[in-house]
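Here the structure comes first, spelled out in C-alpha cells, and everything after it is commentary.
Any value given below was found using the heavy atoms of this structure, including those in side chains, with hydrogens, waters and symmetry copies removed. Residue numbers count from 1 along this sequence.
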Amino acid sequence: MKATVYQGNKTFSIIEKEMESPSAEEVRIKVAYSGVCGTDVHIYHGMMDQRVNIPVTIGHEMSGTVDALGEEVTGFEVGEKVVVRPLDDRGVKPSDKGFNHICEDLKFIGIDSPGSMQQYWNVPAFTLHKLRAETDLKLAALIEPLSVAVHDVRLSELKTGETAVVLGGGPIGLLVALVAKESGANVIVSEVNENRVAKAKELGLHAVNPLKLDLVEYVKEQTEGRRADVVFEVAGVQPALDVMTEIAGIRGRILMVAIHGQKREIDLFKFFWKELKLIGARVYEKEDYEKAIALITENALPFEQMITDVQPLTNIQQVFENIDNNPDGMKVLMDCQS
C-alpha cells in the first residue's frame, strides 16, 4: 500500500509499506479522500515539528469504507462508509469534568499519531461514525471541518433572526457562515481577499471587504444600529480582534474560533461597557459530528463548491507547494486510492 510521509523541511515522500492488520479494538479503513487542513499546512511549514513524530503520516479530514475489523470490534461491517472523529480521549480524568473533546491529555489522531493520508488506515473503533450508503465520499471528507463550524455555531447560541458577522472567509469561516445562515441568522462575512469574497458570494453569502469600507459603520447600517448579536473571529489576526468588540452589539457574543499562538491585545473596556461575552471554541463533540453528517447527507448547502481541487495521493508534495502559492483556494482533497 502507498502512504505519504512528512519528512520535515517542507518535504513529503511516498512510500510502499505492508498493510497492517487491525488490533483487537481497531478498524482498518480503506481511505477514499483526505482533506488538507490548515493544521496540515502548519505542519508542512515546520511549525509543529516539536509535536509531530517525524517521519509521520498526517491527515485527519477523511472519508472511507471499513476494510477489516479487529476481533473485539462490533457494530460495524466490512464495506460500510465511515468517517473518523480524530480525538483519542483515552487519557480522560475526572478533573476533565466529562468534556472529553478538550480533556487535558487529549491526543489528536493525524497529528499526535499517524493520519489518513495513506491508502489504508488503522484507527480505534470508538472514533468511527457511520455514513449512509448513498453518501458522497468526496463531500463526506468535509464532515470534520464542518463539525468545527457546527460546534462553533452551537456554542454561540445563535438564534433565528439574529445577525452574525464572520471575520475571515477561509474554509472554516465560510463553513461557519453557511451553518449560521442555515440556522436562520442574517450573516455577514468580512474578508480581505477579493477572490474569497467572490467565493463567499458564489456560495450565496453576504460578503464584504473591510479594506474597502468601514466595517463598523456597515454593520450598524445593516442592523439599524444594533450591531452584531454574534461575532465569529476566524481570521486569527490583530485587526480582527480590534474590530470584533466594535461590531458586537449590546450583550453580544464573540466566538473565538481562530487559534492565537501568542498573547494579543483586546479592548476589555468594551466587555464592561456592552456586557459582551467571549466564548472559546475547540474542535467538536459527538453531537456536532452527527449534525455535520446529516447536513452532508442531505446536501442542503453548496458543499461541492467548497472543494476546489482533487489530486492523487502521489501528488502530495505538489499540493502543499500549490497551497503556498495560491492562498485563494478553499478545500483540496487527496484521492487516497490513486
Cluster check Val257, Ile188: I/L/V/M/F/W/Y, side chain < 4.5 angstrom
no
Check whether more than 12 heavy atoms from other residues, nucleotides or ligands sit under 6.0 Å from atom NZ of Lys286, and answer yes or no.
no
Could you tell me whether a side-chain N or O of Thr308 sits under 3.5 Å from a main-chain N or O of Met330, the two making a donor and an acceptor?
yes
Summary of salt bridge (charged side-chain N to carboxylate O under 4.0 Å, His left out) pairs that have at least one residue in residues 18-41, sequence neighbours excluded:
Arg28-Asp67
With the 4.5 Å side-chain cut-off for hydrophobic clustering, are Val243 and Val166 part of the same group?
no
Evaluate the side-chain contact (heavy atoms from CB on, under 4.5 Å) criterion for residues Leu167 and Ile247: first the C-alpha distance (whole Å), next the side-chain angles of each, then the deciding distance (0.1 Å), finally the verdict.
CA-CA 11 Å; Leu167 301 176; Ile247 61 177; 4.0 Å; yes
Straight-line distance of Asp112 CG to Leu106 CG, nearest 0.5 Å
8.0 Å
ILVMFWY cluster membership beyond Val5 - transitive side-chain contacts under 4.5 angstrom:
Ile15
Say you draw a straight line from CG of Leu131 to CG of Leu137; how long is it, rounded to the nearest 0.5 Å?
7.0 Å
Heavy atoms of other groups near Lys331 NZ, more than 12 under 6.0 Å:
yes
Quick one: CG on Leu295 to CG on Leu142, what's the gap to the nearest 0.5 Å?
11.5 Å
Salt bridge (Lys or Arg N to Asp or Glu O under 4.0 Å) partners for Asp152, two or more places apart:
none
For residues 82-98, which residue pairs qualify under side chain to side chain donor-acceptor pair (under 3.5 Å), counting only residues two or more places apart or in two chains?
Arg85-His129, Asp88-Arg90, Asp89-Asn100, Lys93-Glu104, Lys93-Asp105
Please tabulate, for the side chains in residues 154-162, all donor-acceptor contacts under 3.5 angstrom to protein atoms that are two or more places apart in sequence or on a different chain.
from: Arg154; atom 1: NE; to: Asp288; atom 2: OD1; distance (Å): 2.8
from: Arg154; atom 1: NH2; to: His151; atom 2: ND1; distance (Å): 3.4
from: Arg154; atom 1: NH2; to: Glu285; atom 2: OE2; distance (Å): 2.9
from: Arg154; atom 1: NH2; to: Asp288; atom 2: OD1; distance (Å): 3.3
from: Arg154; atom 1: NH2; to: Asp288; atom 2: OD2; distance (Å): 3.1
from: Ser156; atom 1: OG; to: Val153; atom 2: O; distance (Å): 2.7
from: Ser156; atom 1: OG; to: Leu158; atom 2: N; distance (Å): 3.2
from: Thr160; atom 1: OG1; to: Ser183; atom 2: O; distance (Å): 3.2
from: Glu162; atom 1: OE1; to: Lys159; atom 2: N; distance (Å): 2.9
from: Glu162; atom 1: OE1; to: Arg253; atom 2: NH2; distance (Å): 2.9
from: Glu162; atom 1: OE2; to: Arg253; atom 2: NH1; distance (Å): 3.2

Side chain to side chain contact (heavy atoms under 4.5 Å, CB included) partners for His45, two or more places apart
Lys10, Val41, Met47, Asp324
Kindly check if the number of other-residue, nucleotide or ligand heavy atoms within 6.0 Å of NZ (Lys277) is above 12?
no
Any chance you could pull the hydrophobic cluster mates of Phe272, using side-chain heavy atoms under 4.5 angstrom and chaining through other members?
Phe269, Trp273
Results of salt bridge (Lys or Arg N to Asp or Glu O under 4.0 Å) for Glu134 - residues two or more places apart only:
Arg132
Atom CZ of residue position Phe126 - does it have more than 12 heavy atoms of other residues, nucleotides or ligands inside 6.0 Å?
yes
Answer with yes or no whether the side chains of Gln311 and Asn322 bring together a donor and an acceptor at under 3.5 Å.
no
Interatomic distance, Ser116 atom OG to Glu61 atom CD [nearest 0.5 angstrom]
8.5 Å
For residues 194-209, which side-chain N or O atoms pair as donor and acceptor with protein atoms under 3.5 Å away, sequence neighbours left out?
from: Glu194; atom 1: OE2; to: Asn209; atom 2: ND2; distance (Å): 2.8
from: Glu194; atom 1: OE2; to: Lys212; atom 2: NZ; distance (Å): 3.3
from: Asn195; atom 1: ND2; to: Asp328; atom 2: OD2; distance (Å): 2.5
from: Arg196; atom 1: NE; to: Pro327; atom 2: O; distance (Å): 3.2
from: Arg196; atom 1: NH2; to: Pro327; atom 2: O; distance (Å): 2.8
from: Arg196; atom 1: NH2; to: Gly329; atom 2: O; distance (Å): 3.3
from: Lys199; atom 1: NZ; to: Glu202; atom 2: OE2; distance (Å): 3.3
from: Lys199; atom 1: NZ; to: Gln305; atom 2: O; distance (Å): 2.9
from: His206; atom 1: NE2; to: Tyr218; atom 2: OH; distance (Å): 2.6
from: Asn209; atom 1: OD1; to: Leu211; atom 2: N; distance (Å): 2.8
from: Asn209; atom 1: ND2; to: Val192; atom 2: O; distance (Å): 3.2

According to salt bridge (charged side-chain N to carboxylate O under 4.0 Å, His left out), does anything in residues 229-252 pair up with another residue at least two apart or in another chain? List the pairs.
Glu246-Lys270, Arg251-Glu275
State whether the number of non-hydrogen atoms from other residues, nucleotides or ligands found under 6.0 Å of Ile250 atom CD1 is greater than 12.
no
If you group Ile, Leu, Val, Met, Phe, Trp and Tyr whenever their side-chain heavy atoms sit less than 4.5 Å apart, what else falls in with Tyr120?
Met1, Met19
When you group the ILVMFWY residues by side-chain heavy-atom contacts below 4.5 Å and let the links chain together, are Ile279 and Ile254 in the same group?
no
Tell me whether Lys291 is salt-bridged to Glu182, with the criterion being a basic N under 4.0 Å from an acidic carboxylate O.
yes
Answer with yes or no after comparing the ring centroid distance for Tyr289 and Tyr284 against a 6.0 Å cut-off, counting only values under it.
yes
Any side-chain to backbone donor/acceptor pair from Gln337 onto Gln119? Under 3.5 Å, distance only.
yes
May I ask whether Phe232 and Leu241 are part of the same hydrophobic cluster, defined by side-chain heavy atoms of I, L, V, M, F, W, Y residues being less than 4.5 angstrom apart, directly or through others?
no
What's the separation between atom CD1 in Ile14 and atom OG1 in Thr4, rounded to the nearest 0.5 Å?
5.5 Å
So, Ser147 side chain and Ile143 main chain: donor-acceptor pair closer than 3.5 Å or not?
yes
Run the side chain to side chain donor-acceptor pair (under 3.5 Å) check on Asn299 and Glu304 step by step: do they pass?
CA-CA 9 Å; Asn299 198 14; Glu304 294 96 338; 2.8 Å; yes
Compute whether any side-chain donor of one residue and acceptor of the other, for Asp136 and Tyr33, lie under 3.5 angstrom apart.
no
Would you call the rings of Tyr44 and Phe320 parallel, tilted or perpendicular, taking 30° and 60° as the class edges?
tilted
With the 4.5 Å side-chain cut-off for hydrophobic clustering, are Val234 and Leu255 part of the same group?
yes
Can you check whether Asn193's main-chain N or O pairs, donor with acceptor, with Glu191's side chain at less than 3.5 Å?
yes
Distance only, no hydrogens: is a donor on one side chain within 3.5 Å (strictly under) of an acceptor on the other, for Ser13 and Gln7?
yes
Which residues satisfy the salt bridge (Lys or Arg N to Asp or Glu O under 4.0 Å) test with Arg226, sequence neighbours excluded?
Glu224
Cation over ring, Lys130 on Phe76, under 6.0 Å and within 45°?
yes
